[in-house]
Protein chains: 2
Amino acid sequence: MAGKASGARGKRPQRPGAPRLSAEAQSGEPALSLERIVAAAVELLDAEGVDGLTMRKLADRVGAGAMSLYWHVDNKEAVFDLALDSVLEYREPPQAGESQDWRGEVLHMLEDWRASMLRHPWSAALLPRRALGPNILLRLELLGRTLSRAGVADADLNVALWSLWNHVMGATITRASFERSDDDLAAAQQRLTGLSERYPTIERSRLLLDNDWDGTFRDGLDFLLDGLAPKR
Amino acid sequence: MAGKASGARGKRPQRPGAPRLSAEAQSGEPALSLERIVAAAVELLDAEGVDGLTMRKLADRVGAGAMSLYWHVDNKEAVFDLALDSVLEYREPPQAGESQDWRGEVLHMLEDWRASMLRHPWSAALLPRRALGPNILLRLELLGRTLSRAGVADADLNVALWSLWNHVMGATITRASFERSDDDLAAAQQRLTGLSERYPTIERSRLLLDNDWDGTFRDGLDFLLDGLAPKR
DNA sequence: ACCTGAACACCGTTCAAGT
DNA sequence: ACCTGAACACCGTTCAAGT
């Protein structure tokens, strides 16, 4: 029911000897391509959410016949995989790895990560169902390198990476689920407020009612980094 | 597209004056009820996963005509909400709140939480799309009380609760997505291993390859609690 | 090599109707 | 009050066929 890494270009065969003039070279319109499909899928997901992505609507948006997608893509699952990973692409800043402010670097990486996902709220809902794509793995790799340079022992790297990843995931998912629409947010707050007699501590903590998500995310991260920092 | 708190008993009207003999009182078979529907939904989700839950299959399993569910339940979203919250029920241990081992209490609560979700792997995939049900809120409330008794200031309670919640969510989701089936797990590990040249740090950390999920979860929690513990 | 429409086996949900 | 089947407007995907 899940798992395959790429899932893309299922039957894409080896290129022919000479790539001779394609439709793309003749008209301005680029031919149907995996890239265009993925880009359109992201647009569609941004506009209509996870349930709004339909193979037929996607084909429509890309100006192709309903079933043309299946030559480029195995199935709908693959579309989700590709859209998710494409949204998590990471461009490493040029001076990375040179400063000795490892904590600042980690903070930057994780905030960029979180921002990428919040820009596409459907990504949080999708992630738990999909495999780790190459862009996610790259982010983890770079994060691990920074921690390693900061002096985290190899034996602690697993826990460290995993805890930070969990923090980003959890924070993004929680926020995304409170942000689907203003109506929902208002309703949720209303609900939480109304429940104060039954949940006095939650009420007192103003859990999720203060809207300073960024601050809370960063504060939690600070706690984690305090614990993770190599003891000297 | 989401958000309503209960979503249940949409049109359940006020009870009639006298509950007179129902089918349930006459035969041994209990009549169709919200409870039976939710229980069957959990069974179905356990057996076939999120995509396996179909209103028709659910009705079948409960021995009812295909469309009878809609009298008890608003729609399929409500079924998901109810199934998710029912799986997260928490029975507080009797001596709770009396020991002064707050750290042990927090650990117990969070491990129980995580275990409940891992027992029903679909719950992790579902959670980011659903609202906070009463059982989740209760768990957060009890967690908050314990932290409060331990000396965490009200001003820090929000970050503390949220960070711990994020840790449980993230850890559960990551693990569930690696556990869907043994095939997938093997495939994922195969993939990670094969990628060692491109991701040397990940390889070195043996990220997600060591199968000591419980230990890693607990270690990460320890880091967090170290940071969260009231400074004295 | 690439794209297509018709067709199949499903969905969730509405509605008028039964008891 | 509670349950039902027929019907509607969709789905994802296969397949034989086009160029």
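Quick note on labels: first sequence line is chain A, next is B, and so on, each numbered from 1. If you're wondering where the values come from, they're calculated on a predicted model, not measured in any experiment.
- B:Leu69 comes within contact range of no nucleotide atom at all, as no heavy-atom separation falls under 4.0 Å.
- Using a 4.0 Å heavy-atom cutoff across all strands shown, B:Thr54 reaches sugar-phosphate atoms only and no base atom.
- Atom CE in B:Met67 sits roughly 9 Å away from atom P in C:dT13 (whole-Å rounding).
- B:Ser68 contributes atom OG, which lies 11.0 Å from atom CG of B:Leu58 (distance to the nearest 0.5 angstrom).
- Between the NE2 atom of B:His167 and the CG atom of B:Leu224 there is a distance of 6.0 Å, given to the nearest 0.5 Å.
- Between the side chain of B:Asn166 and the backbone N or O of B:Trp162, at least one donor-acceptor pair lies under 3.5 Å.
- Atom CD of A:Glu141 is separated from atom CG of A:Leu161 by 9.0 Å, given to the nearest 0.5 angstrom.
- Formation of a donor-acceptor pair under 3.5 Å by the B:Arg61 side chain with backbone atoms of B:Arg56 is not found in this model.
- Side-chain atoms of B:Arg56 lie closest to C:dT13 of the nucleotides C:dC3, D:dA1, C:dT13.
- Remark: C1' of D:dT14 and NZ of A:Lys76 are 17 Å apart, rounded to the nearest angstrom.
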Can you give the dot-bracket line for DNA chain D, using ( ) for pairs inside the strand, [ ] for pairs that cross earlier ones, | for pairs with another strand and . for unpaired bases, where Watson-Crick and G-U count if both distances are under 3.5 Å?
-> ||.|||||...|||||.||
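- Rounding to whole angstrom units, CG of residue A:Asp74 and P of D:dG12 are separated by 15 Å.
- Backbone-only contact: B:Met55 has heavy atoms under 4.0 Å from sugar-phosphate atoms and none from a base.
- Taking atom CZ of A:Phe80 as the reference point, atom C1' of D:dG12 lies 12 Å away to the nearest angstrom.
- The closest donor-acceptor contact from the side chain of B:Lys76 to the backbone of B:Leu53 lies under 3.5 Å.
- Whole-Å rounding puts the A:Glu77 CD to D:dG12 C1' distance at 11 Å.
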